[in-house]
Amino acid sequence: MSFLRSRFVQAVVVLIVCFVLFRFGIQPPAPWSVITLYMAIILIAILAFVSSDADSWRSFLTPLRDTVVKPERRLLRMVLMIVMPLLLGYYAYTQAAAKPQAPPELRAVHPAPPASIQFRGKEINIQGIDNPLRKDQSAFKQHVAAGGEIYIRNCMYCHGDNLDGQGHFAHGFSPPPANFVDPGTIAMLQEAYLFWRIAKGGPGLPKESTPWNSVMPAWEDRLTEDQIWQVIMYLYDATGQQPRRWESH
Amino acid sequence: MPLGSSRAVFAQAGDAGAGKAVYERKCALCHGEKGDGKGPATELLVPRPRDFTSGLYKIRSTLNKTPTDQDIFNVVTNGMPGTSMPDWKVLPERDRWNLVAYIKAFAGDKLKDAPKKVDLPKEVASSAESLKRGKEMFEAIECNKCHGNEGRADGPSRPELKDEWGQPVAPANLAKRWTFRGGKDRKEIATRLAVGVLGTPMPAFLEAVEKPEDIWHVTNYVISLGEEPKFATLVTVTATKDAIPDDPAAEFWSKVPPSYLPLMGQVIIDPRNFNPSIDLVTVRGAWNEREIVFQLTWDDPTESKPDAAKKIFADAIALQFPPKITPGPERPYFLMGDDSDAVYLLRWEQGKGVMEATANGPAKIKAIAGGEVNGKIVYKDGRYRLVMRRALAATGDDRPTFQPGVFTPVAFQAWDGGEGETGVRMSLTSWYYLHLEEPQSNRRFVVPPVVALLTLAAMVLVVRAANRRR
């Protein structure tokens, strides 16, 4: 394994290992722009390392220089002179012939909630309040059962029987319905935040969250205050998630 | 039980007692605590959730009424496409087998006969010959009576079809095999054909076909009726120098790449449409220096003759755009705008033809006077094909000008009047982007050779310089 002692081979091996790690080791797959950025950083780090002293730098350059000048490497040289232009030409073709892609929709997924909202003419605080139905522990099961019925009659079509955002209509809408099983949704939000989102729906979003795109209805037109708190209890119970608590208690 | 032993591929005896707990948590909201299909969601669902006490199973691989345990397990595992039954792969396999045992118990004596598994004839691969024979058989055994000549669920018997419980039931649209209840695979389709679908008017055809292998010829023919679409994220409008034909059936349109868009029910404003009739629209677009032309294709089993007394309304379809194309992300509310922001509609309605309109929400649609849009519609074999054309440039504040290279928001709405859809009872999309492709430039043929030559020249220079220095 003497060739492994060559600085050049080592550098190439490190590059390849890093690429394979970034490409296949990150789940879900990282976008190409991110991988390109990471690879550029790795390349700079490798160059800095191999050029840190003169011997190392020479050892790194030797195979490159040999390929360029040594008569016995003539064949390799010819092959490279054919392959490299073709590869770069092909890359240029894929770039020039690329079909346009829809521009990305940038939006704030969890915008800051308001301090309070108007719910059917009544002011309801959002900041700092907890689910009022949780006070009476004996009624817990009853509320969850009622919430389940509300869910299946109203929410299932988008958010799915499994609460995973894969309902009947899910694949037709952008942005897609929230996946409640995902730890990045209800598990990191307070119940009052959910109350706001359910009551006011898509049209009640601030501008940075593109209210014109969201198909989430404003449920204050259809559900009572208690019904919204019940369906919130069902969401947490059915997914096994815990609501986030307010910090200043 | 050791870990991993539940991964067996053969049927397992489930534990009905353990299945009960899973059932009550995951199934009862639709199928009811008692398994009678009367959960709180039942009235909203089409088709309705199965009543397990009836002992009737749609999807089975048996000649008698009793399905195999594996049949029930497969439905639980894969769900039923085109219905509200999702796949339950999230449940551990053991739970699913326990559910099978628990669900079967609801039927009591009705499933006491042992299942008699069907032996399908030897599989026949698809070929031109097989498709020809399949089409002959398709007509000979009268598939077209319910499913229509092209399989688009528009057969003459359609209005009379009822299920075991007297509920109207629609024939399957054979051109959309990804919505088949028992799955889209060849073997599944052949099995449904051979043994039928219990509880529905779909009979068993194993004995009805001339030769047993005809089951496979018909299967091949059914598969040939429609390709599963890959849904678009961008609606591309092709650039052309030629005149764009008015005829929706013109050869021209078959060369324009299609964008497939899924449509969903409108469930925000009453009356909500949980079971929309039109679930897919295929959009083709072309533009030249003067005008932009859209060809829309969608399946609709009836060319409705509006009759308010029978709750039959005009079929319709609309493209929606913002009235002004602005560079920022802001646009009107996707559901036909609101009081403060209007949308522009390019709309076709049966009996009224093509028109331009402005809407401030679905209840406030107003035709634009002096519209400059025209079009042509063709209805045949359960499918509408529509061409709508308009000048690229527009005057006035309520009509957008289409510009090549600019990403323009677009949304779609459709109404199947024959299924009672009118007003806010519709199917729709949220916003997509429309993109007028810029005329094909030669760049993609010029740039790559230049890049390749430059690379070669640079390499030659490096080699020369290095050798000279030596």
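Lettering follows sequence order; numbering is per chain, from 1.
Chain A forms more heavy-atom pairs under 4.5 Å with one residue of B/Arg25, B/Lys26, B/Arg272 than with any other, namely B/Arg272. Interface remark: of the candidates B/Met264, B/Arg444, B/Glu437, B/Met264 forms the most heavy-atom pairs closer than 4.5 Å to chain A. The candidate with the highest count of non-hydrogen atom pairs below 4.5 Å against chain B, out of A/His168, A/Met216, A/Lys207, A/Arg153, is A/Arg153. Here A/Asn154 is the residue among A/Leu106, A/Val181, A/Asn154 with the most heavy-atom pairs under 4.5 Å with chain B. Options A/Tyr151, A/Tyr91, A/Phe173 differ in how many heavy-atom pairs under 4.5 Å they form with chain B, and the most are formed by A/Phe173. Contact count versus chain A (heavy atoms, under 4.5 Å) is highest, among B/Leu453, B/Leu45, B/Val463, for B/Val463. Put simply, of B/Ala457, B/Ala41, B/Gly39, the one with the most heavy-atom pairs under 4.5 Å next to chain A is B/Ala41. Contacts with chain B were tallied for A/Ala96, A/Pro103, A/Ala97; A/Pro103 has the most, counting heavy-atom pairs under 4.5 Å.
For B/Pro332, the part sitting under 4.5 Å from any heavy atom of chain A is the backbone (N, CA, C, O) and nothing else. Looking at A/Pro100, both its backbone and its side chain come within 4.5 Å of chain B, counting heavy atoms on both sides. Of the two parts of B/Gln266, neither the backbone nor the side chain holds a non-hydrogen atom closer than 4.5 Å to a non-hydrogen atom of chain A. Heavy atoms closer than 4.5 Å to chain A are found in both the backbone and the side chain of B/Val267. For B/Pro276, the part sitting under 4.5 Å from any heavy atom of chain A is the side chain, from C-beta outward, and nothing else. With a threshold of 4.5 angstrom between heavy atoms, A/Arg77 approaches chain B through side-chain atoms but not through N, CA, C or O. Contacts between A/Ile82 and chain B at a heavy-atom distance below 4.5 Å are absent for every atom of the residue. For a residue to count as touching a neighbouring chain, one of its non-hydrogen atoms must lie under 4.5 Å from one of that chain's; by this rule A/Thr67 does not touch chain B. Using a 4.5 Å cut-off between heavy atoms, B/Glu438 makes no contact with chain A at all. Residue contact with chain A, scored on non-hydrogen atoms closer than 4.5 Å, involves the backbone and the side chain of B/Asp270 alike. Only the side chain of B/Phe407 comes within contact range of chain A, with heavy atoms under 4.5 Å apart. For A/Gln166, no part sits under 4.5 Å from any heavy atom of chain B, backbone or side chain. Of the two parts of B/Leu428, the backbone and the side chain both hold a non-hydrogen atom closer than 4.5 Å to a non-hydrogen atom of chain A. A/Tyr157 touches chain B through its side chain: at least one heavy atom from C-beta onward sits under 4.5 Å away, while N, CA, C and O do not.
In this structure, A/Ser174 OG and B/Phe334 CZ are separated by 11.5 Å, a value rounded to the nearest 0.5 Å. One finds the CH2 atom of A/Trp212 at 11.5 Å from the CH2 atom of B/Trp431 (value rounded to the nearest 0.5 Å). Interatomic distance, A/Tyr234 OH to B/Leu29 CG, rounded to the nearest 0.5 Å: 5.5 Å.
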Please step through side-chain contact (heavy atoms from CB on, under 4.5 Å) for the pair A/Asn162 and B/Lys89, ending with a clear verdict.
CA-CA 10 Å; A/Asn162 286 323; B/Lys89 294 190 185 85; over 6 Å; no
Check against side-chain contact (heavy atoms from CB on, under 4.5 Å), A/Gln101 and B/Leu234
CA-CA 7 Å; A/Gln101 298 287 315; B/Leu234 180 69; 5.8 Å; no
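No more than 12 heavy atoms of other residues, nucleotides or ligands shown are found within 6.0 angstrom of CZ on A/Arg65. Atom CD of A/Glu208 has more than 12 neighbouring heavy atoms from other residues, nucleotides or ligands inside a 6.0 Å radius. Atom CZ of B/Phe231 has more than 12 neighbouring heavy atoms from other residues, nucleotides or ligands inside a 6.0 Å radius. Annotation: B/Lys184, atom NZ; neighbour count of heavy atoms from other residues, nucleotides and ligands within 6.0 Å does not exceed 12. In A/Arg120, the CZ atom is crowded: over 12 heavy atoms of neighbouring residues, nucleotides or ligands sit closer than 6.0 Å. The environment of CE in A/Met84 is sparse: at most 12 heavy-atom neighbours from other residues, nucleotides or ligands sit within 6.0 Å.
Residues A/Lys99 and B/Thr236 have side chains not in contact (no heavy-atom distance under 4.5 Å, counting atoms from C-beta outward). A heavy-atom distance below 4.5 Å is found between the side chains of A/Met81 and B/Val460. Between A/His171 and B/Pro262 the shortest side-chain heavy-atom distance falls below 4.5 Å. B/Met459 has its side chain within reach of A/Pro85: a pair of non-hydrogen atoms, C-beta onward, lies under 4.5 Å apart.
B/Arg331 places no side-chain N or O within donor-acceptor distance of the main-chain N or O of A/Asn213, the cut-off being under 3.5 Å.
Of all heavy-atom pairs between A/Pro203 and B/Tyr333, the closest is CG-OH, 3.7 Å. Residues B/Val451 and A/Leu88 share a closest heavy-atom pair of CG1-O, 3.7 Å. For the pair B/Ser84 and A/Asp161, the tightest heavy-atom approach, listed with the atom from each and the gap, is O-OD1, 3.9 Å. Closest heavy-atom contact between B/Pro448 and A/Gly89: CB-O, 3.3 Å. When all heavy atoms are compared, the tightest approach of B/Tyr433 to A/Ala102 is CD1-CB, 4.2 Å.
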